[in-house]
There are 2 protein chains.
Amino acid sequence: MKYITIKDIAKKLNTSVSTVSRAFNDKSDINAKTKEVVLKTAKEMGYRQNRMAKNLVQRRSFNIGIVVPEFVNSFFPEVIMGAQDVLFEKGYQVLITQSNECYTTELKNVQSLENSMVDGLLISLSSETANIDYYQDLVNSGFPIIFFNRTYKEIKASKVLFNDYKWAMFATEHLIRQGYRNIYHFQGIKTLTLSRERRRGFMDAHKKHKITVEPHQVITSGFFMEDGEIIAKKLIKNNTIPDAIFAANDQLAIGAMNVFKNNGYKVPEDIAFIGFSESKMGSIVEPPLSSVKQPTFEIGKQAAKLLLDQIEAGNNHSPQTVMLDGELHIRESSQKKI
Amino acid sequence: MKYITIKDIAKKLNTSVSTVSRAFNDKSDINAKTKEVVLKTAKEMGYRQNRMAKNLVQRRSFNIGIVVPEFVNSFFPEVIMGAQDVLFEKGYQVLITQSNECYTTELKNVQSLENSMVDGLLISLSSETANIDYYQDLVNSGFPIIFFNRTYKEIKASKVLFNDYKWAMFATEHLIRQGYRNIYHFQGIKTLTLSRERRRGFMDAHKKHKITVEPHQVITSGFFMEDGEIIAKKLIKNNTIPDAIFAANDQLAIGAMNVFKNNGYKVPEDIAFIGFSESKMGSIVEPPLSSVKQPTFEIGKQAAKLLLDQIEAGNNHSPQTVMLDGELHIRESSQKKI
DNA sequence: TTGTAAGCGTTATCAA
DNA sequence: TTGATAACGCTTACAA
């Protein structure tokens, strides 16, 4: 496979590379006829611009890299679509990369993107990521980068976050107000800031209502439906049945709900459920799952905007944190019938 | 933001760029001590290799581009993960791009990837894509590219496909054998080859059993849950109620099923449902949805393998089509209770 | 083992 | 309006 270059075109047309280059970049003055001929010949010859070379000399790519930990759930895809919306409009292209919740892959992805000369990065960390040195160095070196959703308090950089604490508290209070007293929290992956924040909301809601929480009421796991199923089976086996469950995401809630239903428990009569990060699944499951709705598209949009600002500002910008709010969607799974 | 280059390092160390370059590429002989010093200084200075420049001279990037039409449903993410598995192992990095079912975006994505000098492309076309000239040119120019799932018969290139015809036929026959006679087909987006194949399977199953199909039994729409809902509402309004529905994907089936259920129809007693491309949603909906299971990971793996073969082979390869098979997962939504 | 210099495909500067 | 030519940051003969 042979690359056709502007040199080849220039040779064929008996002109110079600069003339050919001009034909492709509307800027410099060039004879309309010359331009036409060049463009036509280029097409005939099957010329395709080599962006690497162009980027190399212009020192920017108009590409933005996005790194997410997974995209099998619709959460991250929606965020990405939000980001694409504002990025496309400004002429940027988006390169997406997923780490499969693996730190090594994540790092490789970031480096691959960096080396591809993306002009900036939007990143949500994998559940495995514990060492943030690389990212902090990157930020400190002046590379434009925005962290969203999955991040660490310790990182000094711009972030777009959801107010996990507040909405976890609201969700828990909703259950308490319905009269539930033996509420369990499925917190997912323990180490993430967002998990800790949701857990804190869960705890403080109890504190506020002067209800004590036993350690066994908070259960750690992964973030998938299967994890919820495993927990539910264990609870049934040990015959420790909560009267309500607040899960750190819908997948966990749904997995557990299915197991309990299959074992004869009624929802919400025997056990109430509330999830987090409202997903499409939550609306089709029976009964429909209450959940905290996160503004996924908006998260993507805000992150993209922050990033573009940062790219424009160059070195004179200071880290900013955008904190977004959601909605509590109460559905049948958590409503005491009177 | 200033890039540190090997030149900077060379200057600081009073050595040549080639020595520095050697230190980073284990190949050429270089004094162990020199190498050590270079690497250390590089780290101190915050050097980061510019892959664009490297790629430019080496004329390859070890990056593979993937283009999908959407990834809010889990189908494409799963395919991508399959592809990543085999690509990572061979040292390739993956850049994902989504077209949002839009031809213009798709084309931009492809060009962006091409220009980023990806070594090859895995692509599934948007529902809007009608003109395939660009892709055919690309293929003809010798660029390694594999089409999967969403493609056109007309494109002369390597493909990884699912046997849509056969499994659509099986799914329909399953309904016929259960005794259903007034079966509707939600075919999704009409123009795609896969839609046409599934439709053909639906028709031929009827033909085989000598049942006539009226034109109004085949309904065109988009591919989302909302589309299924709209169709169902229309059918109810017109009081033309099928006794069974074979939908081109699970989303359509679920959308319609929910509307029918909310309007008092029993599934499968009043209407039976069977979907396609088994999704997680299908297993949590009530009653669980019968569906044709596609080997998503395997599709990705096969596509990646084909691509790597093609990259290795250079010009002496001929287009290959891999046709994969699935499974019919019969669940409650299509089982006549006796 | 190291250094020099050419070249990858562009754009950009300066003359012509 | 065009053409030479020097970059961009890197690798790689070839020479020392």
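Everything numeric here is computed off the predicted structure, so don't read it as measured data.
Listed in residue order, the members of residues 50-57 of chain B having a heavy atom less than 4.0 Å from DNA chain D are B:Asn50, B:Ala53, B:Lys54, B:Val57.
Aromatic pair A:Tyr152/A:Phe147: centroids not less than 6.0 angstrom apart. Aromatic ring centres of B:Phe71 and B:Phe76: separated by at least 6.0 Å.
Atom CG in B:Leu13 sits about 17 Å away from atom P in C:dT1, given to the nearest Å. What separates CG of B:Asp8 from C1' of D:dC8 is a distance of 13 Å, to the nearest Å. In this entry the distance linking CD1 of A:Ile9 with C1' of C:dT10 reads 12 Å, nearest Å. Atoms CD (B:Gln58) and C1' (D:dA13) sit 14 Å apart, rounded to a whole Å. A straight line from CG of A:Asn14 to C1' of D:dT2 spans 13 Å, rounded to a whole angstrom. B:Ile6 has its CD1 atom 13 Å from the C1' atom of C:dT4, to the nearest Å. A straight line from NZ of B:Lys11 to P of C:dT2 spans 21 Å, rounded to a whole angstrom. Atom CD in B:Glu114 sits about 15 Å away from atom P in C:dG9, given to the nearest Å.
Using bins of under 30°, 30° to 60° and over 60° for the plane-to-plane angle, the ring pair B:Phe62/B:Tyr92 lands in the tilted bin.
Comparing D:dC10, D:dT2, D:dA4 by their nearest atom to the side chain of A:Asn31 picks out D:dT2. Of all nucleotides listed (C:dG3, C:dC14, C:dG9), C:dC14 comes nearest to the side chain of A:Arg22.
Listed pair B:Thr34 / C:dT2 meets the phosphate criterion, a side-chain N or O lying under 4.0 Å from OP1 or OP2. Residue A:Lys7 places none of its side-chain N or O atoms closer than 4.0 Å to OP1 or OP2 of C:dG7. A sub-4.0 Å separation between OP1 or OP2 of C:dT10 and a side-chain N or O of A:Ser21 is absent. Close to D:dG3, at under 4.0 Å from its OP1 or OP2, lies a side-chain N or O of A:Ser16. Phosphate contact (OP1/OP2 of C:dT2, side-chain N/O of B:Thr15, threshold under 4.0 Å): absent.
A:Ser18 and A:Ser21 share no side-chain donor-acceptor pair at under 3.5 Å. Judged by distance alone, the side chains of B:Tyr135 and B:Glu106 do bring a donor and an acceptor atom under 3.5 Å apart. Between A:Gln93 and B:Ser112, the side chains place no donor N or O within less than 3.5 Å of an acceptor N or O (distance only, hydrogens not considered).
If one axis is set at each end of the helix from C:dT1-D:dA16 to C:dA16-D:dT1 from five pairs, those axes are 40° apart, to 10°.
For the ring-ring contact (aromatic ring centres under 6.0 Å, His included) test, no residue two or more places apart in sequence or in another chain qualifies with A:Tyr103. Under the rule for a ring-ring contact (aromatic ring centres under 6.0 Å, His included), B:Phe297 has no partner lying at least two apart in sequence or in another chain. Shown here are the side chain to side chain donor-acceptor pair (under 3.5 Å) partners of A:Gln320, two or more places apart in sequence or in another chain: there are none. Qualifying side chain to side chain donor-acceptor pair (under 3.5 Å) partners for B:Glu101, counting only residues two or more places apart in sequence or in other chains: B:Ser127, B:Arg150.
Here A:Thr19 lies in heavy-atom contact (under 4.0 Å) with sugar-phosphate atoms only. Across all strands, A:Tyr47 comes closer than 4.0 Å only to sugar-phosphate atoms, never to a base (heavy-atom distances).
In terms of polar N and O atoms assigned as donor or acceptor, the side chain of B:Arg59 never comes within less than 3.5 Å of the base of C:dG7 in a complementary pairing.
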